[in-house]
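First comes the structure, then the notes that go with it.
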Amino acid sequence: MNNKRNYEYLLSDLSSLKGVGEKTKNLLKKKNINNLFDFLWKLPKSYTDRSKSLKIKDLKIGEIQTVTIIPQKYNFPRIRKLPNRVLCNDGTGVIDCVFFNSYEGYIKKILPLGNEITVSGKIGYFKNKYQITNPKYISEDSSVIKQLHNKYSLTDGISEKVYNKIINQIIENLPNFEEWHSKNINSKFENISWHNSIKELHKPENIGNFHSNFYQRLAYDEIFSTFLVNSEIRKKIKRIKKKNKIINLNKQDSLIKNLDFSLTNDQIKTLEEINNDLASTNKMFRLLQGDVGSGKTIVSLLAAINTINSGFQVAVMAPTEILARQHFNLAKKIFPKFIKIDLISGKSDYKVKKKILDKLENNNIDIIFGTHAIFQKKVIFKKLGLIIIDEQHKFGVNQRKRLSDKGGIDCDVLLMTATPIPRTLTMTIYGDMDISIIREKPKNRKPIKTYSKLDSKIDDVIKFINKEIKSGNQIFWVCPLIDESKKLDHSSAVKKFDYLKKKFPNQVCLLHGKTNLEEKNAILNNFLKNKFKILVSTTIIEVGIDFPNANVIVIENANKFGLSQLHQLRGRVGRGNKDSTCILMFKSNLSENAKKRIKILKDTNDGFVISEEDMKLRGFGDLLGFKQSGIKNFKLADPIHNKDLFLLAEMEIKRIENSNEDISRFKPLIKLYDRADIINDIA
Ligand code: ADP
Ligand code: MG
């Protein structure tokens, strides 16, 4: 069979099926089911057993049962309100088939007198007689009825019968693809084909059979196709030949010597990985992943100076103005004086901006800091050699791909994220990049002491804060995330602000969702300059900004946050060498689950460990940054339960990459499991 037609059949419109009209199609569209393939993942939730046929004398009232009968007599009353009846028997007794609102002609057609008919439905009893009302399952062919019938969680307006009709049609015409997996992989799933796996998946008796070979195979297909696409993107970018940078280690080391700390082993290791990429003739597309405070900035700035020393320009993009400025200041402090450093600010007026643009175009700036404004069309670089993007977890695959194209051929790309996520997710979300990880924290860090407190003990918290302020420290106060509604969150923050203002006059500032960007920057700057002691906020302040003087964070309604989020929030303090504290506040006594979560936070400060635990407790959908990453959710594969399949797929991808295997056999797989838009030209 022709593979191409096969996958195209599955990608065709649902209305190509019998019994699916515009209305059904549109209802399904609302559920994101746009073609036959999408429908395959609509799995039965349970089933009704209509497989055993009973004699009338053995029927049980109130249960769904199947019986084979012979219609004897029509009873169609002339009075409208009364139902039509058909008297039937099977030699052991009699039963009435009862129809409200059905035409006589229809009834005569489905229940012709004297013929053997199989009927299934709920058995009733009326005036000393069994009856079955409005039976939906009626056929002369008993095998159609005597089965297990799937039940689905139904989309409003679509009946179970339509569901079964659709899925049965799709499965009947299901393409039988040539096996795309290698023999070795296929043998891990007892050599079951994709075709047979889908068939098994939809059998009612297989509902919930997650450990079966067919389920595992299909989950693996999903994971593998994602990884394969990632790998193709990575290979494609790597294939781009660029002018290599020449790394001057002497210059790099003299700069390192002048820092007021020594680099951690992981910082050294990741810097080497980046330097190797810079020095190669293949374009770099690398992610630097490390917990909040793990010291990514200095690593990226060292890579920047190496790039500059090799005669290229560098652009550093931060998510916020403040963060851009903080990086800019750091560069000014540690780079040699002759390096030309600049900052594009949203606030600068046109003339200033124009001047910077001219300088960039004429290579009179070596390194520029800014927000996304540095990637506007009108910004032209003379010789851009490296783009550094800080805290990039808000970008999806497609955006990243565009960024990597943006800088031109000779431009390497380094992305940084402070969101540690479990390994399975890293491979899924960031598999299109090479990855460097900083796990080790700088040695001078003191652990953040983490406490939990009931709301009613707020006076203790106030006392504690008072003491901290007296010792010259600053405090973050994160207000409850009440629910999705910003309004409520907002008013609760205002209330808390008013409350704290009374206790600490002129020392409290407030930041909430409605604060505009300019005001927000002003408030953060003032806090940074120590003009206020307590910063009350609803929205989570961007990670990454260094507030060296803030060493206490109070998080209200802490149970509303996920572990990873709490860890991120906590990471805003403890960046200097002061003792720091995180106080988690709760409305009522902690549940067992909440206690478990707090214990994890108290026990470890390793974001990677915490994210694994978080995922186990809450599922991956809720993990920080995952939702925004734009990646689709898997349909069967689960990063928690199928960890082994993720690792297997990773190994197989490596094998394929190393053996330079032809991957055209995966074309149907990739076309079906979407994301193919990213690499249209593959295979
Ligand atoms: P992040 O990884 O969150 O971006 P930063 O780069 O902002 O972390 O570093 C956080 C703080 O740690 C900064 O004040 C930085 O100067 C300091 N720092 C970085 N590396 C080290 C180190 N090896 N030893 C001590 N302090 C360090
Ligand atoms: Mg940072």
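Values reported hereafter were calculated over all heavy atoms of this structure, with side chains retained and with hydrogens, waters and symmetry mates removed. Whatever order the structure lists ligands and atoms in, that order sets their numbers, starting from 1.
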Take the angle between the ring planes of F328 and F369 and call it parallel below 30°, perpendicular above 60°, tilted in between.
perpendicular
Polar proximity ligand 1 side, G293 side, N/O cut 3.5 Å exclusive:
yes
By side chain to side chain donor-acceptor pair (under 3.5 Å), which residues pair with K235, not counting sequence neighbours?
E232
Where does K443 meet ligand 1, judged by heavy-atom distances below 4.0 Å: at the side chain, the backbone, both, or neither?
neither
Check: of K296, M416, E440, min heavy-atom distance to atom 2 (O) of ligand 1 comes from K296
Single hit among V314, I388, I274 for side-chain contact (heavy atoms from CB on, under 4.5 Å) with S300:
I388
When you measure from the heavy atoms of S294 to every atom of ligand 1, does any distance fall below 4.0 Å?
yes
Test item, S262 contacting ligand 1 (heavy atom, 4.0 angstrom):
yes
I'd like to check which ligand 1 atoms, numbered from 1 as shown, lie under 4.0 Å from a non-hydrogen atom of V292.
3 (O)
Is it true that K578 and N549 share a donor-acceptor pair across their side chains at a distance under 3.5 Å?
yes
Below 4.0 angstrom from a heavy atom of T264, which ligand 1 atoms are there? Numbered from 1 as shown, please.
23 (N)
If every non-hydrogen atom of N282 is compared with every non-hydrogen atom of K242, which pair is closest and at what distance?
O-NZ, 2.9 Å
Heavy atoms from other residues, nucleotides or ligands near CG of N516 exceed 12 (cutoff 6.0 Å):
yes
If you compare G295, A418, S300 by their heavy atoms, the one closest to atom 9 (O) of ligand 1 turns out to be G295
Between ligand 1 and D291, can you find any atom pair, the residue atom being a heavy atom, that is separated by under 4.0 Å?
yes
Tell me if the NZ atom of K355 is crowded by more than 12 foreign heavy atoms within 6.0 Å.
no
